[in-house]
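A note on names: the letters A, B, ... follow the listed sequences, proteins ahead of strands, and every chain is numbered from 1.
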Protein chains: 2
Amino acid sequence: MSSEHDSQLLKGVLSLLLLHLISERESYGYELVQRLHQVGLTEILEGTVYPALARLEREGRVSARLVASNAGPARKYYRPTVAGRDALTAGTADWMSLAAVVGAQLARRLPAEPQEGA
Amino acid sequence: MSSEHDSQLLKGVLSLLLLHLISERESYGYELVQRLHQVGLTEILEGTVYPALARLEREGRVSARLVASNAGPARKYYRPTVAGRDALTAGTADWMSLAAVVGAQLARRLPAEPQEGA
DNA sequence: GCCAACTACTTGACATAGAATAGTAGTATA
DNA sequence: TATACTACTATTCTATGTCAAGTAGTTGGC
């Protein structure tokens, strides 16, 4: 349902999600795209994820290591650095507090509509 | 607390909030900045809100009328158009569903931490 | 009547980050 | 060696928030 013209809404959230996912389990770009699709973000493309990972690496929030694959080119596995975990914690708090405000405002428009996103 | 380096997190959300606020009550730019500050978004500047309103107007999502003020220049009062209300409804649904996913993911990082953002 | 202060809106240069698209390269299989 | 799938890289475009400055109307002190 919906989630077709998010575009801007994803800004800033994607890097947070990526940090979270690799913090749950070391992962590589291609797989991260699939994991994002699995949790419902089906419109996120490789061309969005790879640059985001490169940004995170350049900023020192994730570290990467190449691991040979038996089904294609080597995979670049990412895991958060200490700075990455800090950023994730801070970013999560940021997002939570903004979401609380936004949610409180926008929720008024959906008086008692059942949500199935949980 | 926090809400200091949101920057990107606000993308797309601001126009939604503006549509919501003027849909609650017709309002003008200067006042909208103050209303945003009141609900907790204290870092939003005029230079952010006015261009956002101009964009919404250019896109036909809000209409504006000038009303003379007794304490300064004329105020430009905004209210949503039909397209604006549609955009608000669609955008709210979009945000809610994204927030559900993001919240479900990120919430795991804060097992039982009390939130005071409500 | 002029100047300061406050209200309110406008504008333009800038940075960030996601979208779109294409391209490169490794492995396997036929 | 050609095809298909996996996986990463590179380039360009665009939307939108930030920053900073500026315009203009009203009021009040002097």
Does atom CZ of B:R35 have more than 12 heavy-atom neighbours, drawn from other residues, nucleotides or ligands, at distances under 6.0 Å? yes
With B:L106, the side-chain contact (heavy atoms from CB on, under 4.5 Å) member among A:L88, A:L19, A:V13: A:L88
For [X] and [N], give me the distance from atom [atom1] to atom [atom2], rounded to whole Å.
X	N	atom1	atom2	answer
A:L41	C:dG18	CG	P	12 Å
B:Y50	C:dT7	OH	P	11 Å
B:E46	C:dT7	CD	C1'	9 Å
A:L36	C:dA19	CG	P	11 Å
A:Q8	D:dA15	CD	C1'	5 Å
B:L66	C:dC9	CG	P	9 Å
A:R65	D:dC8	CZ	P	13 Å
B:L14	D:dA15	CG	C1'	13 Å

Examine C:dA8: is either OP1 or OP2 under 4.0 Å from a nitrogen or oxygen in the side chain of B:Y28? Give yes or no. yes
Which one, [options], comes nearest to the side chain of [X]?
X	options	answer
A:R55	D:dA7, D:dC19, C:dA17	C:dA17
A:Y30	C:dG18, D:dT16, D:dC8	D:dC8
B:L45	C:dC9, C:dT7, D:dC19	D:dC19
B:P73	D:dA24, D:dT18, C:dA19	D:dA24

Should A:E31 and A:R75 count as an ion pair when the cut-off is N to O under 4.0 Å? no
By nearest-nucleotide position on DNA chain C, the 5'-leaning member of A:G47 and A:A74 is A:G47
If Ile, Leu, Val, Met, Phe, Trp and Tyr residues are connected whenever their side-chain heavy atoms lie under 4.5 Å apart, and connections chain through other members, are A:I22 and A:Y30 in the same group? no
Evaluation steps, side chain to side chain contact (heavy atoms under 4.5 Å, CB included), between A:L21 and A:L36: CA-CA 9 Å; A:L21 289 176; A:L36 286 169; 3.7 Å; yes
Nearest nucleotide by nearest heavy atom, which residue falls closer to the 5' end of DNA chain D, A:K11 or A:R75? A:R75
